[in-house]
Trainee: 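Dropping the structure in here first, questions after.
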Protein chains: 2
Amino acid sequence: MDLELVLKEHGLRKTTFRKELLHAFYNSNSSLTADEVKTKVGESADRVTVYRALDAFEKKGLIHRVPDKNNLTRYALCQSKCSTDAHSHNHAHFICNGCDETYCIEDVEIPVVRNTKGFVIKKSKLTLEGNCPSCADS
Amino acid sequence: MDLELVLKEHGLRKTTFRKELLHAFYNSNSSLTADEVKTKVGESADRVTVYRALDAFEKKGLIHRVPDKNNLTRYALCQSKCSTDAHSHNHAHFICNGCDETYCIEDVEIPVVRNTKGFVIKKSKLTLEGNCPSCADS
DNA sequence: TATATATTTGCAACCAAGTTGCGTTAATAT
DNA sequence: ATATTAACGCAACTTGGTTGCAAATATATA
């Protein structure tokens, strides 16, 4: 995976920090919070830099927000071809009660829900909870 | 609805503020944040009092947390018989893109999802998005 | 390659949501 | 009527995130 090319294709400059940030996402099988990014990727980088990089990655369609157990803002890599301001996801998310991580789950069907009692339903989000493979025995 | 009795049955003291708080929940068809409580119920009450009352109500099984569009802590009245530290909900939630309100939706089926790829699934949450009856034309 | 332009970074300061400690007041139990 | 316990109010703090602005760095252009 050519990180520099990916950045370029999404209209982002290939700075040291952003290359490492993208690397971290490609090396994670789940998702990251701003705080996790700071400790894992760039302890030296300023908090603000982390937040702004995450914002930029999201806007350019590289990462998307996923639910978090503790209401933090948490991001995961986009699988499909998301482009600038045009995210297209339709997968479930799994929150582990053991490690508090959030995983994208591609092989679970999202139910299509009909409008009901005057509510016009445009989107359905399915969030699963339990224990992830690593925490399955807890 | 005898508010004082409800408080008593849930082991809560009938203070002026808590009676008004409970009243506000019974008079709301959706849900409330701490901030909304403060403006609608007790502008005079301290912020901390609001937070602690909401905590207490939740612990005693009177209200439950619902998802919020902006990651705030948002509460709605429990319909069924929830008791102290034993909430039992199994309904969907609807977030309105117009007014940012969250509604409990009782008549939508929550899918039962099988374990997959080592993930042990214990709970499924279904969150719907769109426009509520009042905002249906926006 | 030099220079102009645009993006990214770091710092400081700020904000909003929520929490904690503690002394005082008010509600229930005896 | 009084003791006990729960609830309240205040101040101070914490955490997650944002904004403004100047300095640094990356890309585009000459």
Side-chain angles (χ1 to χ4, degrees), chain A residues 3-24 31-63 65-75 84-85 100 102, chain B residues 3-24 31-63 65-75 84-85 100 102:
Chain A
L3 299 179
E4 304 200 358
L5 183 62
V6 173
L7 286 173
K8 189 170 189 179
E9 282 176 346
H10 287 82
L12 294 162
R13 292 191 174 175
K14 43 182 177 180
T15 69
T16 312
F17 175 71
R18 294 196 173 185
K19 276 187 277 183
E20 285 173 8
L21 178 60
L22 190 55
H23 180 74
S31 55
L32 298 168
T33 62
D35 200 58
E36 286 166 6
V37 166
K38 203 159 152 36
T39 53
K40 290 183 188 173
V41 180
E43 193 67 67
S44 66
D46 194 86
R47 289 170 355 101
V48 180
T49 301
V50 174
Y51 284 116
R52 284 201 272 234
L54 290 170
D55 282 356
F57 277 28
E58 188 195 15
K59 283 216 183 71
K60 301 295 185 173
L62 263 169
I63 58 177
R65 287 171 193 239
V66 298
D68 176 80
K69 197 180 180 188
N70 304 116
N71 266 3
L72 300 180
T73 308
R74 184 172 276 280
Y75 296 91
T84 299
D85 264 322
D100 290 10
T102 304
Chain B
L3 299 179
E4 303 200 359
L5 182 62
V6 173
L7 285 173
K8 188 171 190 178
E9 281 176 346
H10 287 82
L12 294 161
R13 293 190 173 175
K14 42 182 179 182
T15 68
T16 312
F17 174 71
R18 295 195 173 187
K19 277 186 278 183
E20 285 173 9
L21 178 60
L22 190 55
H23 180 74
S31 54
L32 297 168
T33 63
D35 199 59
E36 286 166 6
V37 166
K38 201 158 154 40
T39 53
K40 289 183 188 174
V41 180
E43 193 66 67
S44 66
D46 193 86
R47 288 168 357 99
V48 179
T49 300
V50 174
Y51 284 115
R52 284 201 269 234
L54 290 170
D55 283 355
F57 277 29
E58 186 195 17
K59 283 216 183 71
K60 301 295 186 173
L62 264 169
I63 58 176
R65 287 171 193 240
V66 298
D68 176 79
K69 197 182 181 188
N70 305 116
N71 267 3
L72 301 180
T73 309
R74 182 172 279 280
Y75 296 92
T84 299
D85 264 321
D100 290 9
T102 303

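Chain naming here is simple, since letters A, B, ... match the order of the sequence lines and numbering starts at 1 in each. These numbers come from the heavy atoms of this one structure, side chains and all, not from hydrogens, waters or symmetry mates.
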Trainee: Write down the distance between CD (Glu4(B)) and C1' (dA27(C)), rounded to a whole number of angstrom.
Mentor: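 The answer, rounded to whole Å, is 12 Å.
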Trainee: Where is the tightest heavy-atom contact between Asp100(A) and Arg74(A), given as atom of each residue plus distance?
Mentor: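 In terms of heavy atoms, the two residues are closest at O-NH2, 4.0 Å.
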Trainee: Could you check how far CG of Leu72(A) sits from P of dT18(D), rounded to whole Å?
Mentor: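 These atoms are roughly 12 Å apart.
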Trainee: Please determine if a side-chain N or O atom of Arg18(A) lies less than 4.0 Å away from the OP1 or OP2 oxygen of dT7(C).
Mentor: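 False: Arg18(A) side-chain N/O out of range (4.0 Å or more) of dT7(C) OP1/OP2.
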Trainee: In this structure, how many angstroms lie between the C1' atom of dC8(D) and the CG atom of Leu54(B), rounded?
Mentor: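 Rounded to whole Å, this separation is 14 Å.
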Trainee: For the pair made of CD in Glu36(B) and C1' in dA17(C), what is the distance, rounded to whole Å?
Mentor: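 Atom CD in Glu36(B) sits about 14 Å away from atom C1' in dA17(C).
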Trainee: So which heavy atom on Thr102(B) is nearest to which on Pro67(B), and how close?
Mentor: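 Scanning both residues completely, I find the closest heavy atoms to be OG1-O, 2.7 Å.
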Trainee: Got a donor-acceptor pair under 3.5 Å from the side chain of Arg13(B) to the base of dT5(D)?
Mentor: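 Yes, a donor-acceptor pair under 3.5 Å.
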Trainee: Separation of Tyr75(A) atom OH from dG16(D) atom C1', in whole Å?
Mentor: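 My rounded result for the distance is 12 Å.
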Trainee: Using a heavy-atom cut-off of 4.0 Å across all strands, would you classify Arg47(B) as base, sugar-phosphate, or nothing?
Mentor: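 Result for Arg47(B) = base.
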Trainee: Measuring from the side chain of Val48(B) (C-beta onward, heavy atoms only), which nucleotide among dT27(D), dC10(D), dG16(D) has the closest atom?
Mentor: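 Of the candidates, dC10(D) comes closest.
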Trainee: Can you tell me if NZ on Lys8(B) sees more than 12 non-hydrogen neighbours from other groups inside 6.0 Å?
Mentor: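 It does not: Lys8(B) NZ has 12 such atoms or fewer within range.
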Trainee: dG17(D), OP1 or OP2 - any side-chain N/O from Tyr51(A) closer than 4.0 Å?
Mentor: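 It does, given that an N or O in the side chain of Tyr51(A) lies less than 4.0 Å from OP1 or OP2 of dG17(D).
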Trainee: Between Thr49(A) and Asp35(B), name the one whose nearest nucleotide on DNA chain C is closer to the 5' end.
Mentor: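 Checking each residue's closest nucleotide, the 5'-ward one belongs to Thr49(A).
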Trainee: Need one value for Arg52(A): base, sugar-phosphate or nothing, where a base atom within 4.0 Å counts as base even if backbone is also close, heavy atoms only.
Mentor: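 Touches a base.
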Trainee: Does dG16(D) have its OP1 or OP2 closer than 4.0 Å to a side-chain nitrogen or oxygen of Thr33(A)?
Mentor: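 The answer is no; no side-chain N or O of Thr33(A) sits under 4.0 Å from OP1 or OP2.
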Trainee: Please give, in whole Å, the distance from dG21(C) P to Asp46(B) CG?
Mentor: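 One finds 17 Å between P of dG21(C) and CG of Asp46(B), rounded.
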Trainee: Reading DNA chain D from 5' onward, which residue's closest nucleotide shows up sooner: Ala56(B) or Asn71(B)?
Mentor: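 Looking at the nearest nucleotide for each, Ala56(B) comes out on the 5' side.
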Trainee: With a 4.0 Å cutoff (strictly under), does any side-chain N or O of Thr15(A) reach OP1 or OP2 of dT9(C)?
Mentor: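 Yes, within the criterion.
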Trainee: To the nearest Å, how far apart are Lys19(A) NZ and dT25(D) P?
Mentor: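 So the NZ-P distance, Lys19(A) to dT25(D), works out to 14 Å.
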Trainee: Where the side chain of Leu12(A) is concerned, which of dG9(D), dT19(C), dT8(C) is the nearest nucleotide?
Mentor: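 Of dG9(D), dT19(C), dT8(C), dT8(C) is nearest to the side chain of Leu12(A).
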Trainee: I need the minimum non-hydrogen distance between Ser31(A) and Glu36(A), along with the two atoms involved.
Mentor: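 Where Ser31(A) meets Glu36(A) most closely, the heavy atoms are O-OE1, 3.4 Å.
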Trainee: Can you identify which nucleotide, out of dG10(C), dC8(D), dT19(C), has its nearest atom closest to the Ala45(A) side chain?
Mentor: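 Of all the options, the side chain of Ala45(A) is nearest to dG10(C).
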Trainee: Just how far, in rounded Å, is P of dA6(D) from CZ of Phe57(B)?
Mentor: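 Atom-to-atom, Phe57(B) to dA6(D), this comes out as 16 Å.
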Trainee: For Lys14(A) and Lys19(A), work out which heavy atoms get closest and say how close.
Mentor: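 Closest pair (atom of Lys14(A), atom of Lys19(A), distance): O-CE, 3.8 Å.
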